[in-house]
Amino acid sequence: MTDKTDTPTASGSDATDYRATLNLPDTPFPMRGDLPKREPGWVKQWEDQGTYKQLRDARCGAPLFVLHDGPPYANGQLHMGHAVNKILKDMIVKARQLAGFDAQYVPGWDCHGLPIENAIEKKFGRNLSRDEMQAKSRAYATEQIEQQRTDFKRLGVLGTWERPYRTMDFANEAGEIRAFKRVIERGFVYRGQKPVYWCFDCGSSLAEFEIEYADKKSTTLDVGFLADDPAALARAFGLPGLDKPAFVVIWTTTAWTIPANQALNLNPELDYSLVDTERGVLLLAAALVDKCMERYGLHGTVLATVKGQALDGLKFRHPLAEVHPGYNRLSPVFLADYATADDGTGIVHSSPAYGLDDFNSCVSNGVKVEDILNPVQGNGVYAADFPLFGGQHIWKAVPNVIQALQDAGRLFATKDITHSYPHCWRHKTPVIYRAAAQWFIRMDEGEGVFTKDKAPKTLRQLALDAIEQTQFYPENGRARLHDMIANRPDWCISRQRSWGVPIPFFLHKVTGDLHPRTMEILDQAADIVQAGGIEAWSRVTPEEILGAEDAPHYAKSTDILEVWFDSGSTFFHVLRGTHQGTAEHPGHHQSGPEADLYLEGHDQHRGWFHSSLLLACALFDRAPYRGLLTHGFTVDSQGRKMSKSLGNGIDPQDITKKLGAEIIRLWVAASDYSGDIAGDDKILARVVDAYRRIRNTLRFLLANVSDFDPKTDAVPLEQMLEVDRYALARASQFQAEVLAHYEKYEFHPVVAKLQVYCSEDLGAFYLDVLKDRLYTSAPKSLARRSAQTALWHITQAMLRWMAPFLSFTAEEAWRVFGGERTIFVEHYWSLPQADEGLIAKWNRVHAVRDAVNKAIEAVRAEGGVGSSLQANVTVGAPAEDHAILASLGEDLKFVFITSEAVLAAADELTIQVTPSTATKCERCWHWRTDVGSDPAHPTICGRCTSNLYGEGETRLVA
C-alpha cells in the first residue's frame with residue numbers, strides 16, 4: 001500500500017511536536033521480498049522442523065485427499081515443464097490441506113527404461129553385460145533423483161521427500177511382477193507374433209504411448225505386378241482374353257517394404273477397371289484411372305469394370321521375380337476393407353511383417369505366421385542373406401529398390417513427398433511396424449495364458465466404462481481419452497532391453513510354450529526381486545528355479561516389461577503397497593486403490609493416464625483415479641513450445657536465483673493451465689509487479705495490526721463500525737469465490753481476483769478510507785480497534801487464500817503475524833457470513849465515491865485544490881442514493897476523504913467541489929474551522945485535541 005498525499009504521515013511541517021502522536025504503521029515484514037535470499041531459509045526450516053509431518057499430524061483422522069504423483073523420469077536437469085507440473089500439484093494439495101483434508105503427497109520417480117540405458121551406453125559403450133548395465137543404471141538414476149529432488153524442494157513443494165517412491169525400489173519392482181501376474185490371471189495376457197512399432201535407435205518395440213507424428217520426406221512408387229494367369233484375369237472381367245501383358249499396379253510410400261511383399265489387397269465393394277495402355281493392361285480402381293494415367297504419362301482405354309469381390313484369389317508375380325530367383329513367388333489377392341480409392345491406385349501391397357492390417361489380412365487368409373517374411377533386423381538392416389539388398393539399411397536401400405524396379409520394367413511412377421509419419425518420441429526418428437514375438441495385453445475378446453479369474457468384460461469395455469465415471473479437468477479430456485481407448489490396438493508390453501522389471505518366464509526351447517509352473521514362478525520371482533531387486537532375478541539360473549530335469553529344455557526370457565507398465569502400475573504398489581502402514585499411506589477403494597486426482601500434461605492421455613487406466617481396469621475393473629486434470633505445455637510469448645534447440649526456454653534454476661521461486665509459483669498460478677502456458681522475461685516482469693502489489697497490501701495489513709491483540713482488543717461484530725462490518729462481509733463473499741475456484745482446482749481466477757481485491761476493494765477504497773481513523777484516533781479507541789479487528793480477520797483470511805501459491809510469502813507473513821506453527825496446518829479462516837444488503841449498500845457508496853474522486857481530480861488538475869482534504873464537496877443525490885449517503889452522517893466526509901461533505905436532494909447525482917477556506921490541521925491535515933480552538937495546541941484541530949487529550953471523537957460508520 002502507498003499512502004495518499006492527502007493522508008497524514010510522519011512528515012508534517014511540525015513533525016517535532018506531533019510525529020509521536022500518530023499511530024504510524026510498523027512491521028518487521030519488509031517491503032522488498034528479497035526472495036532469492038530468503039526462500040532457501042524457509043526450505044531448510046521446513047525440512048529441519050519436519051513441516052510435512054506436522055501437516056500429517058494436524059490432519060490425523062481427517063478425510064483423505066490423495067493426488068498420486070505421475071513420476072517424472074530420473075534423467076536430466078529439471079526444465080520449466082517439470083516446475084509447472086510440480087507446482088500445480090503442490091498448490092492443489094495445499095489448498096485441500098487448508099480445506100481440512102488429510103492431503104497427502106508422495107512424490108515419485110520413473111527409474112527404468114531406455115533413456116537411462118542410452119545415457120549409460122554413451123558413457124561406457126554398448127557392450128556392457130546385463131549385470132553391468134543394471135548396476136550402472138541404478139546408480140545413475142539415484143544420482144539424477146537426488147539432483148531433481150533438491151530442485152523440486154527449492155520450488156517450495158512439500159511432500160515425503162525423505163521417503164518418495166521410486167519405480168526401481170525393490171518393493172515396487174516386486175509389486176509390478178505381482179500386478180503382472182494378476183493381469184495374466186484375468187485373461188488379458190497373450191504372446192503374439194505380429195507387427196509392432198519398432199525404433200531402430202531403441203532397438204526395441206514401442207507402445208502406442210511412445211509414438212508421435214512428425215513430417216517425413218518419402219518417395220512414392222507406383223509398381224506393377226505381372227499377372228500369373230492372364231486368362232483367369234480376363235475371365236474375372238468377362239473378357240475372352242488379353243493380348244498384352246497385364247499388371248496390377250500398387251501405390252506405396254514405403255519402397256523398402258516391396259522386397260517383402262506377399263499379397264495384394266483389394267476392397268470387395270470398390271469398382272476396379274482393366275485399362276488398355278501403351279505399357280500393357282493395367283488393373284486399377286475405377287475412380288482413380290484418370291489420375292493414374294496422368295501420373296504415368298499414358299493414354300488408357302477402359303476394357304471392363306467389376307467389383308473387387310470378383311477378383312478374390314487372383315495371383316500376380318513379385319515385381320522382382322525376373323531379377324533374382326529369391327523373389328520368384330506369387331502375391332495372391334486378398335479382399336480387405338482398408339483398401340480405398342482415396343489415393344494411389346486403390347490396391348494395397350501387403351508385406352505382413354510391416355503392417356498390422358497387412359498382417360491381419362494375410363493370417364486371416366491362411367498365411368502361416370512362420371511363413372511371413374521378416375528380413376528387416378532390429379537395427380534396421382536387411383538380413384545379410386536377403387536377395388539384392390542384404391546388409392543394407394532400409395532407409396539407405398530405398399534408391400536401390402527403386403532402381404531395381406526401374407531396371408525390371410515394373411516402375412510406373414515415382415515422386416518425393418512430405419507427409420506425417422510416426423516417430424519415436426524419445427529419439428525423434430522414424431519408426432516402422434515390424435513383426436516380432438512379443439507379449440501383449442488384449443483389448444478385446446480372446447484367450448490369454450493361464451487364465452484363472454476371467455474379467456467380466458473386455459479391457460476396452462472396462463476402460464470405456466471407467467472413463468464415464470471419471471471427472472475431467474478440463475472436460476474436453478474425456479473425449480480425447482475415450483477416442484484413444486476406443487481405437488487403440490492390443491498393448492505390446494515386452495521390451496528387449498536390460499534395465500527394467502523382468503518378464504520372469506521360461507519358454508520351452510522347441511515348442512515355445514510357457515513352463516507349466518509359470519504362475520508359481522511369478523510369485524517366486526516377485527519374492528526374489530523384493531529381497532534383492534531385478535539384479536537378483538538376473539543372476540538366477542534356470543536350474544535354480546526349474547530344477548536339473550527341466551532346466552535344459554527351457555530358455556529364460558530376457559524381455560522386460562515396458563516402462564509404461566512400470567509407471568502405469570504404481571497405484572497398485574504405491575497407493576496401497578510400499579507406503580502401507582505409514583503416515584503417508586493413502587487409503588484405497590474397497591475394489592482397488594484409487595486416487596482423488598491424477599495431474600499431468602495433456603500428452604499423458606496417451607501415456608500415464610492411459611496405461612494406468614488399462615492396468616487398473618485389468619486388475620480391478622475401474623480407473624485408479626476419480627479425477628484427471630491436464631495442463632498445457634510451456635511456450636514462449638509467440639506460442640512456440642520451449643526447447644533447447646530454439647533457445648526460447650526460461651530455466652527454473654536461473655529464474656529462482658534471479659527472481660525467486662515465488663515468482664515461478666505466481667506465474668503458474670496466474671496462468672490458465674487448461675491451455676499452453678506462456679512465459680518469457682517480459683511476462684515474468686509483469687508477474688513481479690503483481691507480486692509487489694500483493695506484498696505491499698499484505699505489509700500494510702501487518703503493519704496496522706502490529707499492536708493489536710485479539711484476545712484483549714477485538715471488537716464484537718455488532719459493535720464494529722459499519723464500514724468495518726462491510727469489509728468483513730466483502731471478505732467473506734470473496735472467500736466463498738476463492739474456495740469455489742479451489743474446489744475445481746482453478747488458480748488463475750483466484751490470482752486475478754486477488755489482485756483486484758487488493759487494489760480496488762482494499763487499496764482504492766477500504767484501506768484508503770481507514771487511514772485517517774487508524775493513524776489519528778486514540779490508539780485504544782473503539783474506532784481504531786474496530787478497524788484493526790477487521791484488518792486482523794482479513795489478514796487471517798488473506799494469508800490462507802494465497803498460501804497455496806505464494807507459499808514462501810504466506811509463511812513469512814504468518815510468522816510475523818504471530819503464527820507459531822506453519823500456516824499449512826491451519827484451516828481456511830472462519831469469517832462472519834456475508835451480509836448481502838450491507839455489501840450492496842457499500843458498493844453503491846463506493847461508486848459515488850469514485851464519482852466524487854473524479855470531480856475532485858478535475859478541480860485539482862486546474863489548480864483549484866491541492867489534495868482531496870482541501871476540498872469541500874456538495875453531493876446532490878436522488879432519493880435512493882440520498883438515503884444511503886445520509887445514513888453515513890458526519891462520517892460521509894471520511895469516506896470521501898474531504899474536509900467537508902454536504903448532502904442535498906436532487907433528481908440525479910451531482911457533485912460540486914470547492915476549495916476549503918478553513919485552516920489545515922498540522923496533525924490530521926483536515927481543513928477545519930476549529931484549528932487552534934485550544935490555545936495550548938494552536939496548530940491542530942478540535943478532534944485531534946480530543947483524540948490526544950480528551951475523550952476522543954465519536955466515529956459511528958467510517
Side-chain angles (χ1 to χ4, degrees), residues 73-76 110-145 167-168 170 173 196-207 210 374-386 390-397 423-432 434-439 492-507 509 525 528-529 532-544 551 554-563 565-566:
Y73 200 71
N75 182 31
D110 211 352
C111 306
H112 297 127
L114 190 67
I116 288 178
E117 283 201 41
N118 283 346
I120 299 302
E121 287 179 350
K122 286 179 183 177
K123 188 173 182 179
F124 298 103
R126 305 196 69 169
N127 297 316
L128 296 176
S129 68
R130 196 177 190 88
D131 287 349
E132 287 178 307
M133 174 59 76
Q134 290 176 344
K136 292 184 185 301
S137 294
R138 190 176 290 279
Y140 177 83
T142 301
E143 172 189 297
Q144 297 294 303
I145 287 171
T167 58
M168 69 178 182
F170 294 175
E173 291 175 335
V196 293
Y197 282 120
W198 192 277
C199 173
F200 301 138
D201 292 293
C202 294
S204 180
S205 57
L206 300 181
E210 299 168 296
N374 191 10
V376 181
Q377 307 303 291
N379 60 359
V381 174
Y382 289 116
D385 60 352
F386 191 59
Q392 298 180 30
H393 194 284
I394 63 168
W395 304 134
K396 294 180 180 179
H423 285 64
C424 170
W425 77 346
R426 293 188 186 91
H427 294 99
K428 312 302 180 186
T429 52
V431 300
I432 67 167
R434 176 175 178 267
Q438 303 285 355
W439 293 99
C492 177
I493 57 171
S494 50
R495 295 292 180 271
Q496 293 68 51
R497 305 297 298 187
S498 300
W499 178 232
V501 173
I503 296 179
F505 288 163
F506 289 89
L507 300 166
K509 292 179 180 179
I528 290 170
V529 169
I534 62 172
E535 295 89 336
W537 177 257
S538 293
R539 293 190 291 268
V540 165
T541 65
E543 287 78 12
E544 292 175 279
Y554 285 86
K556 182 184 177 186
S557 172
T558 57
D559 284 356
I560 63 170
L561 288 165
E562 69 134 343
V563 74
F565 199 105
D566 281 28

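The salt bridge (Lys or Arg N to Asp or Glu O under 4.0 Å) check on Arg434 picks up nothing, with sequence neighbours excluded. Residues that satisfy the side chain to side chain donor-acceptor pair (under 3.5 Å) test with Lys509, not counting sequence neighbours, are absent from this structure. For Leu206, the side-chain contact (heavy atoms from CB on, under 4.5 Å) partners two or more places apart in sequence, or in a different chain, are Tyr197, Cys199, Cys202, Glu210, Ile211, Cys424, Arg426, Val431. Applying the side chain to side chain donor-acceptor pair (under 3.5 Å) criterion to Ser498, with sequence neighbours excluded, gives no partner residue. Every salt bridge (Lys or Arg N to Asp or Glu O under 4.0 Å) that Lys428 has, sequence neighbours left out, goes to Glu212. For Arg130, the salt bridge (Lys or Arg N to Asp or Glu O under 4.0 Å) criterion is met by no residue, not counting sequence neighbours. For Arg539, the side-chain contact (heavy atoms from CB on, under 4.5 Å) criterion is met by Asp131, Glu535, Ala536, not counting sequence neighbours. Under the side chain to side chain donor-acceptor pair (under 3.5 Å) criterion, His427 pairs with Asn118, sequence neighbours left out. Leu561 meets the side-chain contact (heavy atoms from CB on, under 4.5 Å) test with Glu176, Phe180, Ile493, Val501, Ile503, Phe565; sequence neighbours excluded. For Val540, the side-chain contact (heavy atoms from CB on, under 4.5 Å) partners two or more places apart in sequence, or in a different chain, are Ile528, Trp537, Glu544, Ile545, Lys556. Here Tyr140 pairs with Asn75 under the side chain to side chain donor-acceptor pair (under 3.5 Å) rule; sequence neighbours left out.
For the side-chain contact (heavy atoms from CB on, under 4.5 Å) criterion with Met168, the lone passing option out of Thr142, Asp110, Asp566 is Thr142. For the salt bridge (charged side-chain N to carboxylate O under 4.0 Å, His left out) test with Arg126, the passing option among Glu121, Glu117, Glu132 is Glu121; the others fail.
To the nearest 0.5 Å, atom CG of residue Leu114 and atom CZ of residue Arg497 are 4.5 Å apart. Taking CZ from Phe505 and OG1 from Thr558, the interatomic distance works out to 13.0 Å, rounded to the nearest 0.5 Å. For the atom pair CD1 of Ile394 and CD1 of Ile432, the computed distance is 4.5 Å after rounding to the nearest 0.5 Å.
Heavy atoms only, all atoms of each residue included: Thr167 and Cys111 are closest at OG1-N, 2.8 Å. Between Ala436 and Trp198, the closest heavy-atom pair is CB-CZ3, 4.2 Å. Taking every heavy atom of both residues into account, Ile534 and Gly500 meet most closely at CD1-O, 3.3 Å. Annotation for Gly76 and Gln144: closest pair N-OE1, 2.6 Å, computed over non-hydrogen atoms.
Ring orientation note: the planes of Tyr382 and Phe386 are close to parallel, at an angle under 30° on the 30°/60° scale.
Gln377 contributes a side-chain N or O that, together with a main-chain N or O of Pro375, makes up a donor-acceptor pair within less than 3.5 Å. Within the 3.5 Å criterion, the main-chain N or O of Ala551 finds no donor-acceptor partner in the side chain of Glu543. Ser494 contributes a side-chain N or O that, together with a main-chain N or O of Trp439, makes up a donor-acceptor pair within less than 3.5 Å.
The ring pair (Phe, Tyr, Trp, His ring centres under 6.0 Å) analysis of residues 110-134, with sequence neighbours excluded, yields the pairs His112-Trp499.
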*Decide side-chain contact (heavy atoms from CB on, under 4.5 Å) for Val381 and Phe200; before the verdict, give the C-alpha distance in whole Å, the side-chain angles of both, and the deciding distance to 0.1 Å.*
CA-CA 9 Å; Val381 174; Phe200 301 138; over 6 Å; no

_One pair to check against side-chain contact (heavy atoms from CB on, under 4.5 Å): Asp559 and Gln496. What are the steps and the verdict?_
CA-CA 5 Å; Asp559 284 356; Gln496 293 68 51; 3.5 Å; yes

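The number of heavy atoms from other shown groups lying within 6.0 Å of CG (Asn379) is above 12.
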